[in-house]
**Student:** 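Provided herewith is a single structure, encoded as structure tokens, for subsequent inquiry.
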Amino acid sequence: MASSERPPVTGATRLAAVIGDPVRHSMSPTIHNAAFGELGLDWMYLALPVAAGGGADAVEAMRTLGIDGLSVTMPHKDAVAAAVDDRTEAVERLGACNCVFRDGDRLVGDNTDGDGWVRAFEHDTATPLAGTRLGVIGAGGAARAIVEAAGRAGAEAIVVVNRTPAGAERAAALSPVASVGDAGALAGCDIVVNATSIGMAGGPDPSGIPLSGSWIGEHHTIADIVYRPRSTALLIEAERRGARTVGGLGMLVHQAAAAFERWTNHTAPVDTMTAAVLETLVSSD
Ligand code: NAP
């Protein structure tokens, strides 16, 4: 069934939603409704603005209203992690949750950001992450999720480079193979991912390049998790230096795909989800 031909909404329609503040800009309704439509599933997905402090109430609302899937974005990831009944290993370690699913009567918190990045990387490059040396620039929520998931996925070593050293220490503590490093250490990595918010400005603006591009070589795969613009300053610099590049769109799609699979027990139609995002990005550029 094509994405425009979703079943009519009835009393049996199941509901999933994203909570956050702000949330009206979220791409998640586009991605998930396209996926429900593609598989002909009688589900719908809405964006629900929930102000700071309302995360635990939103988990209670899931029980009361019978909501079957929840995505969680800023500023609720920590509060929801504390409010669910059970937590995956990723949530136990990160203390942050981006997705809630049902297991019988229990509400389970998961964090699909890190696994989403690993899945996207392996899908987009057709290369396993296991056995590679990974550099992570940044130590915020997304970077920590990537460090944790990359450790589970079998990375040989992970180097965390961050503006604020205490943040780098906190991120590196999430995996036994991770340590804190500097730009020099990135030169020896196979893969380097920018997980900071710098670079969103786009274009060849040197202020958007984390640290300096001089460590980038032809042996690198350079990834950026920023997806708007699709080609960030770092990726432009990496291409100029002959490195392979990976944009942030895949992480957006694959973290959603992992959540979709938790909720529905169906394999996510990743190509449809990607096409839905691309259509939105092109029409909003
Ligand atoms: P966050 O928790 O606020 O962390 C921000 C990180 O960026 C920190 O490491 C911070 O360093 C660093 N940073 C910010 N401004 C900087 C600057 N001017 N110079 C150097 N470092 C700077 O944010 P987040 O949730 O991890 O998200 C980070 C980015 O990833 C955002 O752009 C977000 O949109 C994107 N993202 C994409 C996806 C996807 O699906 N593709 C998923 C999640 C997030 P300090 O620790 O020193 O402050």
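Along the sequence shown, the residues carry numbers beginning at 1. The figures that follow rest on heavy atoms only: side chains count, while hydrogens, waters and symmetry mates do not. Note that ligands are numbered from 1 as they come in the structure, with each ligand's atoms numbered from 1 the same way.
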**Student:** Starting from Phe121, can I reach Val270 by hopping between I/L/V/M/F/W/Y residues whose side chains sit under 4.5 Å apart?
**Tutor:** no
**Student:** Starting from Leu174, can I reach Ile137 by hopping between I/L/V/M/F/W/Y residues whose side chains sit under 4.5 Å apart?
**Tutor:** no
**Student:** Examine Trp215 together with His220 and report whether their ring centres are nearer than 6.0 Å.
**Tutor:** yes
**Student:** Within the structure, does Thr164 bring an N/O atom to less than 3.5 angstrom of an N/O atom in ligand 1?
**Tutor:** yes
**Student:** At less than 4.0 angstrom from any non-hydrogen atom of Gly138, what atoms of ligand 1 do you find?
**Tutor:** 9 (O)
**Student:** Hey, is Ile198 touching ligand 1 through its side chain, its backbone, both or neither, going by heavy atoms under 4.0 Å?
**Tutor:** side chain
**Student:** Determine, considering heavy atoms only, which of Thr232, Asn194, Ile225 sits nearest to atom 41 (N) of ligand 1.
**Tutor:** Ile225
**Student:** Looking only at heavy atoms, which two atoms of Val136 and Ile146 are closest? And how far apart?
**Tutor:** CG2-CG2, 4.3 Å
**Student:** Under 4.0 Å from a heavy atom of Ala139: which atoms of ligand 1 are those, numbered in the order shown and with their elements?
**Tutor:** 9 (O)
**Student:** Could you list the atoms of ligand 1 found under 4.0 angstrom from a heavy atom of Ala195?
**Tutor:** 28 (C)
**Student:** So is there a nitrogen or oxygen of Arg163 less than 3.5 Å from a nitrogen or oxygen in ligand 1?
**Tutor:** yes
**Student:** With respect to atom 9 (O) of ligand 1, which of Thr196, Asn162, Val136 exhibits the smallest heavy-atom separation?
**Tutor:** Asn162
**Student:** Decide whether the shortest distance between a heavy atom of Ser197 and an atom of ligand 1 is less than 4.0 Å.
**Tutor:** yes
**Student:** Show which atoms of ligand 1 fall inside a sub-4.0 Å distance from at least one heavy-atom site of Gly141.
**Tutor:** 2 (O), 26 (O)
**Student:** Taking 4.0 angstrom as the limit and counting only heavy atoms of Leu252, give me the atoms of ligand 1 inside it, by number and element.
**Tutor:** 39 (C), 40 (O), 41 (N)
**Student:** Strictly by modelled atom types, are Arg244 and Thr127 linked by a side-chain donor-acceptor pair under 3.5 Å?
**Tutor:** yes
**Student:** State the atoms of ligand 1, each with its element, that fall below the 4.0 Å cut-off from a heavy-atom position in Val226.
**Tutor:** 32 (O)
**Student:** What pairs meet the salt bridge (charged side-chain N to carboxylate O under 4.0 Å, His left out) rule with one or both residues in residues 43-54, with sequence neighbours excluded?
**Tutor:** none
**Student:** Distance-only check: which donor-acceptor pairs under 3.5 Å involve side-chain atoms of residues 71-82, not counting sequence neighbours?
**Tutor:**
residue, atom, partner, partner atom, Å
Ser71, OG, Tyr45, OH, 2.6
His76, NE2, Val50, O, 2.6
Lys77, NZ, Asp113, OD2, 3.0

**Student:** Please determine, by modelled atom types, if Thr112 and Asp110 share a side-chain donor-acceptor pair under 3.5 angstrom.
**Tutor:** no
